[in-house]
Amino acid sequence: MWLNDTIGFVPKNSWAIDPFGYSPTMAYLFRRMGFENMLIQRTHYELKKELAWNKNLEYVWRQSWDANETTDIFVHMMPFYSYDIPHTCGPEPAICCQFDFARSHGFSYELCPWGQYPVETNPENVQERALKLLDQYRKKSTLYRTNTLLVPLGDDFRYVTAEEAEAQFRNYQMIFDYINSTPSLNAEAKFGTLDDYFQTLREEADRINYSVPREIGSGQISGFPSLSGDFFTYADRQKDYWSGYYVSRPFFKAVDRVLEQTLRASEMLMAFLLGHCQRPQCEKLPMRYAYKLTAARRNLALFQHHDGVTGTAKDHVVLDYGTRMHTSLQDLQIFMSKAIEVLLGIRQEKYDQTPALFDPEQVRSKYDALPMHRAISARKGTVQSVVLFNPLEQTREEVVMVVVSRQDVSVLDSNWTCVQSQVSPELQHDESKIFTGRHRIHWKASIPAMGLQTYYIANGFAGCEKAKPAKLKFSSKLSSIPCLAPYACSKVEGDTVEIMNRHQVLTFDVKHGLLQKVIHKNGLQNVVVEEIALYSSSGGAYLFLPDGDAQPIIKSGGNLVISEGILMQEVYSYPKTSWEKTPVSHSTRIYNGGNTVQDFLIEKEYHVELLGKDFNDRELIVRYKTDTNNKRIFYSDLNGYQMSRRETYDKIPLQGNYYPMPSLAFMQGSNGQRFSVHSRQALGAASLKEGWLEIMLDRRLVRDDGRGLGQGVMDNRVMNVVFHILMESNISSTSDPVSNPLPLSPSLLSHRVNAQLNYPLHAFIAKKPQEISAPTHSRSFSPLAAPLPCDLHIVSFKVPRPSKYSQQQQQLGDPRLVLMLHRRNWDSSYCKKGQSQCTAVADESVNLFNMFKDLTVLNARATSLNLLHDDTEMLGYTEQFGDVARDGRVIIPPMEIQAYKFELRPGQ
């Protein structure tokens, strides 16, 4: 959109030479944005060899679920080791380097390492130079099917002076002139853009049929094979697999996700503010924050760079990324805290000059610090309101937590009705002082879809039961743990300890503080042996190069605190290790909300401090050794959008069997038993032995691994990693992972667990307590006419150009709001209703015209995912998608993402 607004250009070719492996999700998104072609470079050297052998380096990329060829996009894969000039003219770098004329003396670039240098082209040597270069072109062309050849000419940090550009141009033009004026060479050479290349190639493919017998092609462009799948894990030579970056700088991989979900929530609130507004007066708040919202989008987008979220930037660049994201997080939270006042009807005057009445419940003191919970003071005779925003499209029943500085409080809902609650001590990673002195209050909240709900923390409210203290049990081998008033404390007896809720019983080994098994209420038992271990390794930010297997680090005799409450039960383990300060402590929690998604999961939170030289060249993992007979096959997600099947092979090294895990990995046994780990940040995962699933948590590496960074990864931050583990049994026969090469889909329950983890509730606390006697209104905001079906996800609901909103009145034609919907594909051999308040799935259509309560939808139309093309057929969608303007019906096949533009007006 920026390119179109600024210079009137709409791209249709993608160029991505430097990401380390490639995901088909990008191919899907580009296709639905109206792109026609893609170019990629960093794929496994053995795969390049295999594709080149069969002339399949140019192919049509198709999504694994697509039976109708609607997702096909043409791809050019570069054939050699690198994208620099020595590796782009042909197969012999020593020759190609002689045609990088910026490597001559007089420029500051590295000279050719092969010992033969470029020479200036002149009439005397032009024939010899041209034939030498053309021979490389000819050899390279034998790897492709057509007579059109692409030769990129550039590198990192090039074309910085006019002289450099002139040197390349002058020499090549002379060579091209010679080739083009010598008919016997049978060649034409010229400068061109990427688009020139793809257009020339497509014209040739229209004239000449390059199809191979029995090959599955594509209706999009004939003469090329169609392929499905992804390109992880990348290796550029020998055993150098690039699986380290899946985990490098994990703290910032987590911040990335927090900014993403906060931006999405802020965009929603801005859309509601403007949708409900008809006068210039109420536009003031959103308009004042429009530029900060735009900055947040840009700061988040910047970090998606292949040296940003990957963790492969220099320390000072990490600081810049981190500071930008931190600034945007602060800005968005201030905007949200003011927006909720308007939507709840508290901020009547709608001016932005007065400070917000609410603070975000989580506060980050600096860009690389963990968020802290803001404590509610709860003085006698006062209430403090807590406002919860639910950014999901379904009503949410969830056990929520806030921190209070004193424990004798009650929880009330927005009608001032008492709500059952529990209180337990707040814990910290400190052997000598395990309690912070503050307390956690848990209660079950219910928040409307995309809406707001208020609860009150009261002290001294007559007729309300106070929060029920959890029972505490200790096993203190490392240091003594004092009992904390008002809790009842006891010592752990025996070698094992259990916590349980309505669905499962978890058994832990007391000596090590690690999970051992899970017994389900239907009697099924699962072995789940938790192990925390370290690899010794010699890689760097990009490469994982382990020296042998990981060694367990937990010794017998740590500290254990068990909290047993009515809503939440927890085992907190501060384990004994060989080091004075253990690098990891962890909590395991289960919930008892009754009828909530949380009731089915196990929450694991690992506090990681991989700091100091003791952990140099070490990589920390957690491993779950289960009795799932998965045959070393597991499934991990790509971009949180689709799953990919992963099989462990003995023929490749351990590091090559590690795969990216942006948000989910699961194993499935032959009996249909599934073991899933959902993550709220990107990490790397592997299944190295039958029934094992391991996930890397952090890595600290002294050396540079020679891929351009020029340093190790030593700037580890203190961080928390949260997983939601789910164990499911099928209700009908499932696909066999061994024989089925296609990915399996998560269950409906699994999708919901992932959504709640990655789109958490946003909590805001009133800055000032109120006197209990002061009456307050019932405060909630419920914008949807009804919750959306469980498999329909709102990717975004936003105002694309917030700063132009008021000028851009509808008469300019383009509607000012956008809704993007994704229909999730789920495995129907697992429980349909998601074992939770799932009322409907999207088999029936949803109507856009009556989706919102008290708002009228006008001027609706379907559009591309970059909002630039309203001709939906060119994007590969079915005809029905374009009909939305007529009857408002939204029909989305599983896996599709669809975008709609429209106007909103207050009133029905």
Do [X] and [Y] pair up side chain to side chain, a donor and an acceptor below 3.5 Å, judged on atom types alone?
X      : Y      : value
Asp430 : Ser432 : yes
Tyr542 : Ser243 : no
Lys555 : Ser578 : yes
Ser735 : Asn740 : yes
Ser729 : Gln673 : yes
Arg502 : Asn592 : no
His512 : Ser556 : no
His373 : Glu361 : yes
Ser663 : Asp637 : yes
Ser747 : Glu728 : yes
Ser537 : Glu619 : yes
Asn630 : Gln668 : no
Glu397 : Ser446 : yes
Asp509 : Thr496 : no

task: Enumerate the residue pairs fulfilling salt bridge (charged side-chain N to carboxylate O under 4.0 Å, His left out) with a member in residues 651-676, sequence neighbours excluded, ordered by first and then second residue.
output: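 Output for this query lists Arg674-Asp827.
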message: Does anything in residues 517-545 form a salt bridge (charged side-chain N to carboxylate O under 4.0 Å, His left out)? List the pairs, not counting sequence neighbours.
response: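 Found Glu530-Lys604, Glu531-Arg623, Glu531-Lys625.
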With a 4.5 Å limit on heavy-atom distance, are the side chains of [X] and [Y] in contact?
X      : Y      : answer
Lys491 : Lys473 : no
Gln569 : Asn501 : no
Arg632 : Leu688 : no
Tyr624 : Ile695 : yes
Ile725 : Leu601 : no
Pro546 : Gln655 : yes
Ser248 : Arg700 : no
Leu761 : Val400 : yes

Could you grab the distance from atom [atom1] of [X] to atom [atom2] of [Y], nearest 0.5 Å is fine?
X      : Y      : atom1 : atom2 : value
Phe634 : Leu664 : CZ    : CG    : 10.5 Å
Ile633 : Thr648 : CD1   : OG1   : 8.5 Å
Tyr759 : Leu392 : OH    : CG    : 8.5 Å
Phe675 : Ser687 : CZ    : OG    : 10.5 Å
Lys471 : Ser424 : NZ    : OG    : 13.5 Å
Tyr245 : Lys253 : OH    : NZ    : 8.5 Å

Output field: ring centroids [X]/[Y] closer than 6.0 Å:
X      : Y      : value
Trp242 : Phe232 : no
His678 : Phe723 : no
His793 : Tyr641 : no

Minimum heavy-atom separation for [X] to [Y], with atom names?
X      : Y      : answer
Ile441 : Ser421 : CG2-CB, 4.2 Å
Gly437 : His439 : O-NE2, 3.8 Å
Val518 : Val528 : CG2-CG2, 4.1 Å
His429 : Val584 : CE1-C, 3.9 Å

- prompt: Are the side chain of Asn616 and the backbone N or O of Val702 linked by a donor-acceptor pair below 3.5 Å?
  reply: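 Checked: no pair found.
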query: Has the side chain of Ser636 got a donor or acceptor atom that lies under 3.5 Å from a matching backbone atom of Met661?
result: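 No; judged by distance alone, with no hydrogens or angles, the pair does not exist.
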- request: Applying side chain to side chain donor-acceptor pair (under 3.5 Å), name anything that partners Lys468, two or more places apart in sequence or on another chain.
  value: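 Applying side chain to side chain donor-acceptor pair (under 3.5 Å) to Lys468 gives none.
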message: Is there a side-chain hydrogen bond (donor to acceptor under 3.5 Å, both in side chains) between Glu603 and Tyr591? Walk through the geometry before answering.
response: CA-CA 9 Å; Glu603 182 168 283; Tyr591 294 92; 2.9 Å; yes
message: Against His586, only a single residue in Tyr606, Tyr574, Tyr572 fulfils ring pair (Phe, Tyr, Trp, His ring centres under 6.0 Å); can you say which?
response: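 Single pass found, and it is Tyr606.
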- prompt: Would Asp736 and Ser670 satisfy side-chain hydrogen bond (donor to acceptor under 3.5 Å, both in side chains), going step by step from the backbone distance to the final call?
  reply: CA-CA 7 Å; Asp736 176 22; Ser670 54; over 6 Å; no
Arg438 vs Ser405, side-chain hydrogen bond (donor to acceptor under 3.5 Å, both in side chains): CA-CA, chis, key distance, verdict: CA-CA 5 Å; Arg438 309 193 305 176; Ser405 45; over 6 Å; no
Is [Y] paired with [X] through a side-chain N to carboxylate O contact shorter than 4.0 Å?
X      : Y      : value
Glu398 : Lys444 : no
Asp408 : Arg406 : yes
Asp715 : Arg249 : yes
Arg824 : Asp791 : no

task: Dump the intermediate steps for side-chain hydrogen bond (donor to acceptor under 3.5 Å, both in side chains) on His607 and Ser585, then the final yes or no.
output: CA-CA 5 Å; His607 179 91; Ser585 64; 5.3 Å; no
- request: Could you tell me how the ring of Tyr658 sits relative to the ring of Phe544: parallel (under 30°), tilted (30 to 60°) or perpendicular (over 60°)?
  value: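 Perpendicular, since the angle between the ring planes exceeds 60°.
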- prompt: What class does the angle between the rings of Phe435 and Phe474 fall in, given that below 30° is parallel, 30 to 60° is tilted and above 60° is perpendicular?
  reply: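 The rings of Phe435 and Phe474 sit tilted, inter-plane angle from 30° to 60°.
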field: Heavy atoms of other groups near Glu465 CD, more than 12 under 6.0 Å
entry: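 Result for CD/Glu465: open.
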query: When you look at CG of Asp495, are more than 12 heavy atoms from neighbouring residues, nucleotides or ligands closer to it than 6.0 Å?
result: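 No, CG of Asp495 has 12 or fewer neighbouring heavy atoms, counting only those of other groups under 6.0 Å.
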Stepwise side chain to side chain contact (heavy atoms under 4.5 Å, CB included) check, Glu694 with Met696: CA-CA 7 Å; Glu694 71 178 60; Met696 192 176 287; 6.0 Å; no
